[in-house]
Amino acid sequence: MGATLMQANMLALAFCMPSMQAFAAEGPAIDLQELVNRTPTGGVLHLASGQYAGPIKIDRPLILEGDAGANITASGVGSVITVSAPDATVRNLTIRGSGFDLEQMDSGIFLEQAASRARVEANILENNLFGIYVHGAEDAIVKSNLIVGNRPERLSEAGNGVTVWNAPGAQVLDNDIRFGRDGLFVISSRNNIFRGNTMRDLRYAVHYMYASDSIVSGNVSIGNHIGFAIMFSPRLEVVGNLSRHDTNYGLMFNFANYSTVRDNIVLDGPQKCLFIYDANFNTFYRNWFEKCDIGVHFTAGSEQNAIFDNVFIQNRTQVKYVGTRFVEWSKSRRGNYWSDNPAFDLDGDGIADVVYRPNDIIDRVIWKAPLAKMLANSPAVQLLRWAQSQFPVLQTGGVVDSAPLMRPIHIDPPSALGRLK
């Protein structure tokens, strides 16, 4: 008992004597809350390698940090670390053992609304329901954390890697997130930045709901059900992200308006590289869509979208558009590159000399009656395709690219891809 108390006192002194080494208990975990309580406002509590008992609450500005091997473990009830003060920092710690109550939002680190400008960086969070929950903390920064979520039998019982709720100005940067429900779940927020994160083995990599005026850039989604689900959110910049080996959608835009979507790459596996559903007044350009079942599924009254300078390579169906109107996919004499377009360019300007139509009347019949695929190669169907190409009056609406590109543009993959092991 005496030795443990002495070691705890040494830890408590660490914040006022930066050169003093902090010691950890060899046996039972030290009660960390007492040390936090004794740390003055603006002080630094530095933990040496060892076991520390949570949960704890930080109720004033201070820095809680640790050496490699400093582990804070709770008993499976509530959040491990709760921050309720502005300008606090939690860094370089391993944090485990939250509760599993979804309604209570049990988390490895929970930032309350009062925790504005909090910094959570370079931590390892394991075996928690939610990794980090930013619950109204304006201008908080969540950076360079490794978050490994739980894997319950039912996905509905899992939490998210990072959740941001009503936290204007919050930034989530350069985190590595694996397992759980969604990598980044954002709801009812604005003016956020989500950049350089790597997300694997999840339902959605990024799940965006009722948020606006934000940047989603340079993120990597590998092997998730959906890469980037952007819903009910206006005025976003979705730039330079990668979706690879996701199963359902690479990019999905549902009631998302007035946004810029460029320099994204989707390849190898999704049923749909890009799904646009009732999304209006967006600009999609310089995106790369490769080896999906459907390159772009465009439906449900999506209006006034500019789609140009994109690359469509070896998608089983380049575009699925069910509608009776003609929709132009070019701008200022710049269309898109289509790998299946047998084009020619006699004047050498890089633009094909013939308009490209990715779908025809037979495609529309097959979408509505899938069994018609059995007749796709029949002489009658081939004759109808030829007749439609020769007599534009037979066209019944669809996507038209009046200036298809002869060569694909180059798009650099996000730098976060280099962190994958």
Which of Asn287, Asn264, Asp263 passes side-chain hydrogen bond (donor to acceptor under 3.5 Å, both in side chains) with Asn241? It is Asn264

Do the non-hydrogen side-chain atoms of Asn248 and Asp246 ever get within less than 4.5 Å of each other? no

Do Pro234 and Ser212 make a side-chain contact, defined as non-hydrogen atoms from C-beta onward lying under 4.5 Å apart? yes

Which pair of non-hydrogen atoms, one from Ser221 and one from Gly227, has the smallest distance, and what is that distance? OG-CA, 3.4 Å

Residue pair His46 / Glu65, side-chain donor-acceptor N/O under 3.5 Å: yes

Look only at the side chain of Ser339 and the backbone of Gln314, and say whether a donor-acceptor pair between them is shorter than 3.5 Å. yes

Using a strict threshold of under 4.0 Å (side-chain N to carboxylate O), is an ion pair present between Arg334 and Asp309? yes

When you measure from the side chain of Ser144 to the backbone of Ala122, do you find a donor-acceptor pair of N or O atoms at a distance under 3.5 Å? no

Among Asp106, Val77, Asn128, Asn127, which one satisfies side chain to side chain contact (heavy atoms under 4.5 Å, CB included) with Phe100? Asn127

Indicate yes or no: at least one non-hydrogen side-chain atom of Leu184 is less than 4.5 angstrom from one of Asn197. yes

Hey, can you tell me if His297 and Phe275 have their rings parallel, tilted or perpendicular (30° and 60° cut-offs)? tilted

Do Arg181 and Glu157 have side chains that approach each other closer than 4.5 Å (heavy atoms only, starting at C-beta)? no

So does Ile177 get a backbone contact from the side chain of Asn175, meaning a donor-acceptor N/O pair under 3.5 Å? no

For residues Asn282 and Asn305, is any side-chain donor paired with an opposing acceptor at under 3.5 Å? yes

So for atom OH, which belongs to Tyr210, do other residues, nucleotides or ligands contribute more than 12 heavy atoms lying within a distance under 6.0 Å? no

Is the Tyr208 to Phe194 ring centre distance short of 6.0 Å? yes

SB check Arg203 Asp182 (cutoff 4.0 Å): yes

For a side chain to side chain contact (heavy atoms under 4.5 Å, CB included) check, start with the C-alpha distance between Ile109 and Ile95, then their side-chain angles and the critical distance, and finish with the verdict. CA-CA 8 Å; Ile109 300 175; Ile95 300 162; 3.5 Å; yes

Treating Asn71 as the side-chain partner and Gly69 as the backbone partner, does any N or O pair qualify as donor plus acceptor under 3.5 Å? yes

Just by modelled atom types, is the Gly183 backbone N or O under 3.5 Å from a matching donor or acceptor in the Arg178 side chain? no

With ring pair (Phe, Tyr, Trp, His ring centres under 6.0 Å) as the test, would you mind laying out the steps for His225 and Tyr204 before giving the verdict? CA-CA 6 Å; His225 294 293; Tyr204 301 165; 8.3 Å; no

Report yes if the side chains of Arg325 and Glu303 come closer than 4.5 Å at any heavy-atom pair, otherwise no. yes

What is the minimum heavy-atom distance between Ser243 and Pro270, and which atoms define it? OG-CG, 4.4 Å

Any idea how Phe130 and Tyr133 line up, ring-wise: parallel (<30°), tilted (30 to 60°), or perpendicular (>60°)? perpendicular

Is the side chain of Thr39 donor-acceptor paired with the backbone N or O of Asn37 at a distance under 3.5 Å, no angle test? no

Side-chain contact, heavy-atom cut-off 4.5 Å: Tyr356 with Gln318? yes

So, for Val134 and Ala167, which heavy atoms are closest and what is the spacing to 0.1 Å? CG1-CB, 3.7 Å

Return yes if a side-chain donor-acceptor contact under 3.5 Å exists between Thr94 and Glu126, otherwise no. no

Taking Asn336's backbone N and O only, do any of them form a donor-acceptor pair with Asp401's side chain (distance below 3.5 Å, no angle check)? yes

To the nearest 0.5 Å, what is the distance between CZ on Phe232 and CZ on Phe255? 5.5 Å

For Asn219 and Gly196, indicate whether the former's side chain and the latter's backbone hold a donor-acceptor pair under 3.5 Å. yes

Within 6.0 Å of CD in Gln113, more than 12 heavy atoms from elsewhere: no

Within this structure, what is the CD-OG distance for the pair Gln171 and Ser214, rounded to the nearest 0.5 Å? 10.5 Å

What's the spacing between Ser189 OG and Trp165 CH2 if we round to 0.5 Å? 9.5 Å

Please determine if Arg244 and Asp268 form a salt bridge, counting it only when a charged side-chain N lies under 4.0 Å from a carboxylate O. yes

Between Ser98 and Leu129, is there a donor-acceptor pair closer than 3.5 Å when you use the side chain of the first and the backbone of the second? yes

Working for side chain to side chain contact (heavy atoms under 4.5 Å, CB included), residues Ile58 and Val90: CA-CA 10 Å; Ile58 299 174; Val90 179; 4.0 Å; yes

Working for side chain to side chain contact (heavy atoms under 4.5 Å, CB included), residues Tyr337 and Ile313: CA-CA 8 Å; Tyr337 175 80; Ile313 293 182; 4.2 Å; yes

What is the minimum heavy-atom distance between Arg60 and Val36, and which atoms define it? NH2-O, 2.6 Å

Could you check His135 against Glu112 for side chain to side chain contact (heavy atoms under 4.5 Å, CB included), going step by step and ending with a plain yes or no? CA-CA 5 Å; His135 195 259; Glu112 294 184 351; 5.9 Å; no

Among Asp176, Asn123, Asp174, exactly one meets side-chain hydrogen bond (donor to acceptor under 3.5 Å, both in side chains) together with Asn145. Which residue is that? Asn123

Sub-4.5 Å side-chain heavy-atom contact between Ile81 and Phe110: no

Any chance OH of Tyr258 has more than 12 other-residue heavy atoms, nucleotides or ligands included, within less than 6.0 Å? no

Less than 4.5 Å apart, any side-chain heavy atom of Val238 and any of Phe253? yes

In terms of heavy-atom contacts, Gly295 and Cys273 come closest through O-CB, 3.1 Å

Could you walk me through whether Asp139 and Arg117 pass the salt bridge (Lys or Arg N to Asp or Glu O under 4.0 Å) test, one step at a time? CA-CA 5 Å; Asp139 299 317; Arg117 300 178 301 281; 5.5 Å; no

Is there a donor-acceptor pair closer than 3.5 Å between any side-chain N or O of Ser107 and the backbone N or O of Gly131? no

Which of parallel (below 30°), tilted (30 to 60°) and perpendicular (above 60°) describes Phe298 and Trp329? perpendicular

Search all heavy atoms of Glu290 against all heavy atoms of Asn315 and return the closest pair with its distance. C-OD1, 3.5 Å

